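The structure displayed is predicted, hence computed values, not measured ones. Order of the sequence lines fixes the chain letters, A, B, ..., with proteins taken first and strands second; residue numbering starts at 1 for each chain.
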Amino acid sequence: MKKIKGILITLILVYVATALLGENFLGGYNQGKLLERTGLYGLLGIGVAFVIIGGGIDLSIGSVVCLVGCGVPWLVMRQGWSPTSAVAMAMLVSLGIGLWHGLLITKLRLQPFVVTLCGLLIYRGATRGMAEDQSQGFGGEHEGFRALGTEAIAVTDKFGIPFPFVIMVGVAVVAWIFLNKTIWGRYLFALGNNEEAARLSGIDTDRMVILSYVVCSMLAALGGLLFILNGNSAQPSDFGNFYELYAIAAAVLGGCSLRGGEGTVVGVVIGTAVMQLLKNMINLVDWLKSHMEFLIVGVVLLVAVMADEVLKRRVAKRR
Amino acid sequence: MGRPLLEVRKVTKRFPGVVALSGVDLEVGPGEVVALIGENGAGKSTLMKVLAGVQAADEGELWVEGKQVSFSGVQEAQKAGIALIHQELNLAENLSVAANLFLGREPARFGWIDQGGIVREAERLLGMVGLEVSPHALLGDLTLGKQQLVEIAKALSTEAKVIIMDEPTSSLSLSESERLFEVIRDLRAKGVSVIYISHRLGEVKALADRVVVFRDGENAGMLERDEIDHDVMVRMMVGREVSQFYQRTEHQLGEVALAVRGLRTVDHPAHPLDFEIRAGEVVGVAGLVGAGRSEMLAALFGAKPALAGEVFVGGRGGLPGSPREALERGLTLVPEDRKGQGLILEMTVKENMSLASLRRDAKGPFLNRRREEEITAEMTAALSVKTPGPWQQARFLSGGNQQKIVLAKWLALKPRVLLLDEPTRGIDIGAKEEIYLLMEKFAREGMAVLFVSSEMEEIMGMADRALVMHEGRITGELDRREFSEEAIMGLATGGKLSKAV
């Protein structure tokens, strides 16, 4: 609770500010949209949190989103696969990607930044080649399949809880149990803080690192799938662009330290919500222009990190 | 002695949780070699850091040549004529000797380094310490002894009036050490003062004009040239008779608990290692830095798997390929670098203590919180760990208590063999005694204890038997009855039974 206090206060402040300044913010449609976006981006954030807690980084998330987001409709519409087998394929490929990243990082001792930066380039490049740079989507077909990304559990006639949000909450609960209740979660925090000491305590650190990259890539794939089901149109050249940075920013906002060994699932979800709220605020408040999005997100992130550091020092001094 | 060159008056330095120095005094005259001795944690290194401007004192005064000074950085200390030579040399191995001598203060014109000038000046400085190497030679290609002389030449180039040497011989061979002593005597003749920190009392006796003893951050005594005596120094450092400090009992030896056959480490593959340890036995491993002692422990524990050989423990042979495999056989290691390898500083006392036993106690994949708390309570009491609570982060505890947490982590597994690498490095004298008592207790309970130590006193005080290593080989094995500083030192420096100095 202590760890997420800061981000929770930020969430409330941004929420209230947007409600006061923006039009139609509290309307059922807008609120539902916010939850949907938080659900979609939250999956990526939770995934990258695993890697960051283990002391690594994954820059390939956006490209994995692109690969799956373009690959699944391509398989279904152009290659005639059934949606089920296309999804199975996407999950298999993302598992392979995570495994590959993890093996390169643990066994070859390559730097996570480099490995996943190459991944970022390779998966997007491969997707563009595969789809011949053509926009991919389901057209008007497969409404039932797409419902997973578009429908909601109705609460009122204007407001419902979107499926992507429900799925994200489910994933978050499992992730929370993993990180807080299992020995593997403890191991991941231990190795993120001090890999050598963790290894010398008998922990199979390589296996945990690999696992964290697999979780990250598979959640990126799940996110990518829901993004395309939701949006129904993906340009291989820009689908998922920068999503890894949104995910990392949300994780950092939510209290993950890039030094490793620190972070909470709840914090990451709230961090994602704050990011989406800021975007929403820029859309709804007249005098904020949409081209100011990066500027505002960047400043908020920096202020949050600075405030966190100052608070930490003050606490440390009191000891 | 005329007016002192350097004077330390009532200097106090506190760190969170410990008072490292409490009102210490020190005087050094011109051209005087003052040996500063004391156990680890006595405050020697802290004082040196204060003198060299690395850390600021909380209270007290520093005087140089009759003027009061205060340093806010290393450069200011250098300007005042004080140079510190660290135990671990601060040189860049990838640069030439000349480049190292002037690192960070290269004579330059408009940003262009004056290469010719550097080389000429380097030759002059190397001549002053009698080192015959080319200024162009790569530093990494020199032996440790020569690198040490380069460091001294560097100190001389800053016009140092006082050179502080922190354990300069800890990694030198006998002949290199003798070369160093000549240089020190030479410096003294030229009027340069030397503060010489060493655990090697033989060297101190041979070199020092005066000995200053620290204990627990306070002055514990001073000996003039003609009063310097080995036993007196030990008594002053320890504060009581050595025999009382190490409270040993006779050990009941059981079965062979650990048998090592033909172990070839990555670092010294040419020298296979063979030895055995019985249950209830405490064996010390002596040797100089770089003798391959830590590497041997790392190989036994699978932290740096050996190339060949067999390790028999708990009825199993073969080689542990990872710490996890070693743990399964009942082998545990308390590593030398407590903060870097032993503990996870950001985690709590409880999380550290239970880390190794989590898997054993888990219910399926789930943490067993109750068992975790029981272990923490049990170990905190058994090892009398001083912590405000199990939730405290390990980094806020003192060195001795941190070391106890590392011990607790292993004890929870009830191991057959406990390997310890420099178990008391950097912890205060009271905690040290507690660690010794714990090692004793473990042995009595039937554990086999193998510890590496660079402190002669520790080996002689604690061990039933000592293995002495030199350059990757076990050069000798001494029974408790055969222990003497000369015997151990002789074997540690290459097998000849010669005196240390």
*Just wondering, are more than 12 heavy atoms of other shown residues or ligands nearer than 6.0 Å to CZ in A/Arg259?*
no

*Pick from B/Ala356, B/Gly342, B/Gly340, B/Ala362: which one has the most heavy-atom pairs with chain A under 4.5 Å?*
B/Gly340

_Can you list the residues of residues 205-217 of chain A that sit under 4.5 Å from chain B, counting heavy atoms only?_
A/Arg207

*Please report the shortest heavy-atom distance between B/Gln341 and A/Asn194, naming the atom on each side.*
N-ND2, 4.4 Å

*asked:* Let me confirm one number: the CD1-OG distance from A/Ile183 to B/Ser354, rounded to the nearest 0.5 Å.
replied: 11.0 Å

*Heavy-atom distance under 4.5 Å to chain A: side chain of B/Glu351, backbone, both or neither?*
both

_chain A contact via B/Lys339 - which portion, at a heavy-atom distance below 4.5 Å_ = backbone

*Grab the two heavy atoms, one from B/Pro335 and one from A/Leu200, that are nearest each other, plus how far apart they are.*
CG-CD1, 4.3 Å

*asked:* Quick check on B/Thr332 against chain A: is it the side chain, the backbone, both or neither that has a heavy atom closer than 4.5 Å?
replied: neither

*In terms of heavy-atom pairs under 4.5 Å, which option from B/Leu358, B/Leu327, B/Asp361 contacts chain A the most?*
B/Leu358

*asked:* Other residues, nucleotides and ligands only: do more than 12 of their heavy atoms fall within 6.0 Å of CD on A/Gln111?
replied: no

*Count the heavy-atom pairs under 4.5 Å between each of B/Glu325, B/Glu328, B/Glu372 and chain A, then report the option with the highest count.*
B/Glu372

*Who among A/Asn193, A/Ile203, A/Ile177 has the most heavy-atom pairs with chain B under 4.5 Å?*
A/Asn193

*If you tally heavy-atom pairs under 4.5 Å against chain A, which of B/Leu343, B/Asp337, B/Leu333 wins?*
B/Leu343

*asked:* Take a 6.0 Å sphere around CE of A/Met91 and say whether it holds more than 12 heavy atoms from other residues, nucleotides or ligands.
replied: yes

*Taking every heavy-atom pair that is under 4.5 Å apart, which of A/Glu196, A/Arg186, A/Arg199, A/Glu262 has the most such pairs with chain B?*
A/Arg186

*Identify which part of A/Tyr187 has an atom lying under 4.5 Å from any heavy atom of chain B, answering side chain, backbone, both or neither.*
side chain

*side chain to side chain contact (heavy atoms under 4.5 Å, CB included) between B/Arg324 and A/Asp204: does it pass, once the steps are laid out?*
CA-CA 7 Å; B/Arg324 197 172 155 188; A/Asp204 192 337; 3.6 Å; yes

_So, taking the atom named CG in B/Leu355 and the one named CZ in A/Phe189, what distance separates them when rounded to the nearest 0.5 Å?_
13.5 Å

